[in-house]
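Working notes, structure below.
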Amino acid sequence: MSKKLPNMTEEEWEAVCNRCGKCCLIKIQDEDTGEIYYTDVVCKYFNFETCECTEYQNRCTLVPECLKLTKDNVGKISWMPKSCAYRCLFEGRPHPKREPVSAFCISENLVGDDELEDHILEREDL
Ligand code: SF4
Ligand code: SF4
């Protein structure tokens, strides 16, 4: 773990995010195994042009599954993308090249719930 992490200010913490949008991809959990699969479908509040959340301040209310990543929970969320800048920082790894999801994802507004399984991504893609 980086020694710098606990000493970061709120501003420095927020600045770590590289706006890849990978954490905004819709995930499916296998009820039997608990395994979590990422899809190429992104939250309806994701802005494709800026790769930012259009409802950042209200995100956790509007989308209950939307997680507020903090210095305390960053090491406990196993499903965060491996290339997430926060995860890399926590694990002391260099950040991989930023790959915005806008290059390959589709809005959840355009995909029915029963179609989500057809959009599952391989985890190593993230
Ligand atoms: S509410 Fe915003 S931050 Fe949360 S998943 Fe949706 S787009 Fe991402
Ligand atoms: S996956 Fe990590 S770096 Fe990418 S947008 Fe989400 S919090 Fe930011």
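All of these numbers come straight from a predicted model, not from anything done at the bench. When a residue number appears, it is its place in the shown sequence, counting from 1. For ligands, and for the atoms within them, numbers begin at 1 and follow the listed sequence.
Shortest non-hydrogen contact noted between C88 and P96 is SG-CD, 3.5 Å.
In terms of protein heavy-atom proximity, atom 2 (Fe) of ligand 2 is nearest to C84 SG, 2.4 Å. Protein heavy atom at the shortest distance from atom 3 (S) of ligand 2 is N18 OD1, 3.3 Å. In terms of protein heavy-atom proximity, atom 4 (Fe) of ligand 2 is nearest to C20 SG, 2.3 Å.
Note that R59 lies in the cation-pi zone of Y56, set by a 6.0 Å cut-off to the ring centre and a 45° limit from the axis.
Under a cut-off of 6.0 angstrom, the local environment of CG in D30 is crowded, with over 12 non-hydrogen atoms contributed by other residues, nucleotides or ligands.
R87 contributes atom CZ, which lies 8.5 Å from atom CE of M80 (distance to the nearest 0.5 angstrom). Considering CD1 of I36 and OG of S78, their distance stands at 6.5 Å, rounded to 0.5 Å.
Follow the hydrophobic side-chain contacts under 4.5 Å out from I106 and you never reach Y45; the two are in separate clusters.
For ligand 2, the atoms closer than 4.0 angstrom to any heavy atom of Y86 are 7 (S). Within ligand 2, counting atoms from 1 as listed, the ones closer than 4.0 Å to a heavy atom of G21 are 4 (Fe), 5 (S).
Looking at C17, P81, C23 and measuring to atom 6 (Fe) of ligand 2, the nearest heavy atom belongs to C23.
Side chains of K22 and S83: a donor on one and an acceptor on the other come within 3.5 Å.
By the side chain to side chain donor-acceptor pair (under 3.5 Å) test, R98 is found to be paired with no residue, residues two or more places apart in sequence or in another chain being considered.
Among protein atoms, those of element N, O or S found less than 2.8 Å away from atom 2 (Fe) of ligand 1 are C53 SG.
Residue V42 is tested with S102, C51, C105 for a side-chain contact (heavy atoms from CB on, under 4.5 Å); the sole match is C105.
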